[in-house]
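For clarity, every value in this text was computed on a predicted model and none was experimentally measured.
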Amino acid sequence: MKRFCVSKLQTGRFTRPARLLAIIAVFMAGTAGARAQNDASTDFQFDLSGETRARYESLDGQFRAGRAGSDQALFLRTLLHARLTTPVARFGIELQDSRAYFDDSGTPLSTGTVNPLDILQAYVRVETPSVFGDGSDAHLTLGRQTVSIGSKRQIERISYANVIKSHTGAYYTATSARGDRFHALMLAPVARHPGDRVAIGDNQMSGDEEEWNRTIWAVHYQRPDLIPDFWPGLSGDLFVYGLEERDTDARPTPNRHYVTPGFRLHRAPATGRLDLDLEAAWRFGRRRASSAATDTTNLDVSAGMLFAALGYTFEHAWKPRMALEYYWASGDEDPNDGRFDQYERLFGSRRTDLNNTSLHGPLTPANLNAPGIRLEVAPAPDWDGRLAWSAASLDSNTDRWVIANLRDETGQSGSFVGHTLDGRVRYHGLAEGLELEVGASLLLPGEFADNAPGSPAPDRTLFGYAQATFAF
């Protein structure tokens, strides 16, 4: 591996794809300079956008295995996205710098919270023929990129997390004249470095690398107004997502080979009417129990997820919306039956449905059974807030509480994780481009959180944050 040094920071690694991305960046910078010297040109357009965000988090009453006490951290994230549109293609490059300060050795930092200066996106986008024929448009994006589709439960460009995920490959999307959308993709996840806890805590730089031994593929179709005469505004999605893995010496994996078909019915909230969000998926395939080289036994996979929300927005100045919600994700009933039945969250979101994450985030769509209620308000154009409650249990009391990394294979610790209460308020009327946000979460542990082997068994977990985001 070729290495270089940046100031007093650790040496980093840049693979051949990363060098190619750097060349694209230099090309774009040079072309942008030419554009600045010729403002009369209408064939080229250059634009630059970005944001910088600071968020302070505090957690009291740790629920994760092997940890105790409280945690705090200041998370900083800066994004800079340059785009050059030419007569034949659009070129884009986005830089991401994500760091953490004021944490301690016990703070649960990871590559999801810290990733100092690196290339988040470097892509070229070209117009292509559309699967919908005349009167529609389509484009193909090649390179390192971020992707969000539909509800974002299957794949998402994360917003709340301090580090955004990206992937490298090909992504095709087409839109018909009536609004139908078709997506097809084949991507390799980008592994974020460094991976060890000490280097992460020191905000050390090290170039990210594509995981070429892992492939995500998908076909996703969205159709608006399925039944306009009966229920106007109801849209539908059909999709199939897949994951293929193979071991390498540098990157052992569980050798997952998954196919996940599913559907979604969605009616967006609007004043004076019912809204609906119903999404379900079933996963089948095979995998191994661990990433160990000695583990050569394939397990049959059969797992599913279901999210359902039924809401209503009242005709009031604050536009209050009340919704009943339910999130189910299957767990593995028997660790010794030659099967793996736990639904795993792979590349999709969890914060939108399951509330604040980062140092907190006790819930994820894996081995979960969680009914709940949500209230959302928008008192003014510059204000909005939400409050959500859920009663979370394990779908299988012999499987793992994934985020806490706690398990009782005997099932004697029960299944109730606890009550969660989560809220946030946002305000963006102070200055153009500035958004202020505060939020808090409460976890009141249930029998499983109290009794599972290795649990720190806190009386309660209290989490709070305050953040400021400036976009330009």
Point-to-point distance, once rounded to the nearest 0.5 Å, from [atom1] of [X] to [atom2] of [Y]:
| X | Y | atom1 | atom2 | answer |
| --- | --- | --- | --- | --- |
| Arg339 | Leu299 | CZ | CG | 9.5 Å |
| Arg264 | Gln154 | CZ | CD | 10.5 Å |
| Asp118 | His193 | CG | NE2 | 9.5 Å |
| Arg223 | Ser176 | CZ | OG | 7.5 Å |
| Glu210 | Ser166 | CD | OG | 7.5 Å |
| Thr313 | Glu376 | OG1 | CD | 8.0 Å |

Hey, are the side chains of [X] and [Y] touching, using non-hydrogen atoms and a 4.5 Å cut-off?
| X | Y | result |
| --- | --- | --- |
| Trp217 | Val240 | yes |
| Asn115 | Gln96 | yes |
| Arg350 | Leu363 | no |
| Gln121 | Thr146 | yes |
| Phe75 | Gln467 | no |

Can you tell whether the side chains of [X] and [Y] come within less than 4.0 Å, N to carboxylate O?
| X | Y | answer |
| --- | --- | --- |
| Arg77 | Glu51 | yes |
| Asp277 | Arg153 | yes |
| Arg55 | Glu57 | yes |

Stepwise side chain to side chain contact (heavy atoms under 4.5 Å, CB included) test for Met322 and Ile373: CA-CA 7 Å; Met322 289 288 297; Ile373 301 173; 3.8 Å; yes
Examine the side chains of [X] and [Y] and answer whether a donor and an acceptor come within less than 3.5 Å of each other.
| X | Y | result |
| --- | --- | --- |
| Ser393 | Ser415 | no |
| Glu437 | Tyr465 | yes |
| Asp341 | Ser302 | no |
| Arg157 | Ser148 | no |
| Glu244 | His257 | yes |
| Asn356 | Arg351 | yes |
| Arg83 | His81 | yes |

Judged by atom type as modelled, is there a donor-acceptor pair below 3.5 Å linking the side chain of [X] to the main-chain atoms of [Y]?
| X | Y | value |
| --- | --- | --- |
| Ser98 | Asn162 | yes |
| Arg267 | Leu274 | yes |
| Gln145 | Gly169 | yes |
| Thr461 | Leu443 | no |

Not counting sequence neighbours, which residues clear side chain to side chain donor-acceptor pair (under 3.5 Å) with Thr85? List them please.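 So Thr85 forms a side chain to side chain donor-acceptor pair (under 3.5 Å) with Arg90.
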Near Lys152 NZ, under 6.0 Å, is it more than 12 heavy atoms from other residues, nucleotides or ligands?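 Check fails, neighbour count at 12 or below.
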More than 12 heavy atoms from other groups under 6.0 Å of CH2 on Trp231: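 Yes, enclosed.
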Ring centre gap for [X] and [Y] strictly below 6.0 Å:
| X | Y | value |
| --- | --- | --- |
| Tyr221 | Phe182 | no |
| Phe44 | Phe46 | no |
| His167 | Phe347 | yes |
| Phe416 | His419 | yes |

How close do [X] and [Y] get, heavy atom to heavy atom, and via which atoms?
| X | Y | result |
| --- | --- | --- |
| Leu117 | Met205 | O-CE, 3.7 Å |
| Pro261 | Val259 | CD-O, 3.6 Å |
| Asn203 | Pro116 | O-CG, 3.3 Å |

Which residues pass the side-chain contact (heavy atoms from CB on, under 4.5 Å) test with Ser396, not counting sequence neighbours?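 So Ser396 forms a side-chain contact (heavy atoms from CB on, under 4.5 Å) with Glu333, Asn367, Thr398, Asp399.
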Carefully, step by step, assess Asp208 and Ile119 under the rule side chain to side chain contact (heavy atoms under 4.5 Å, CB included). CA-CA 8 Å; Asp208 295 345; Ile119 298 173; over 6 Å; no
Out of the candidates Arg287, Arg251, Arg288, Arg256, only one should pair with Glu245 under the salt bridge (charged side-chain N to carboxylate O under 4.0 Å, His left out) rule; please name it.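 Of all the options given, the one that passes is Arg256.
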Which residue in the set Phe239, Tyr172, Tyr171 passes ring pair (Phe, Tyr, Trp, His ring centres under 6.0 Å) when paired with His220?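 Of the listed options, the one satisfying the test is Phe239.
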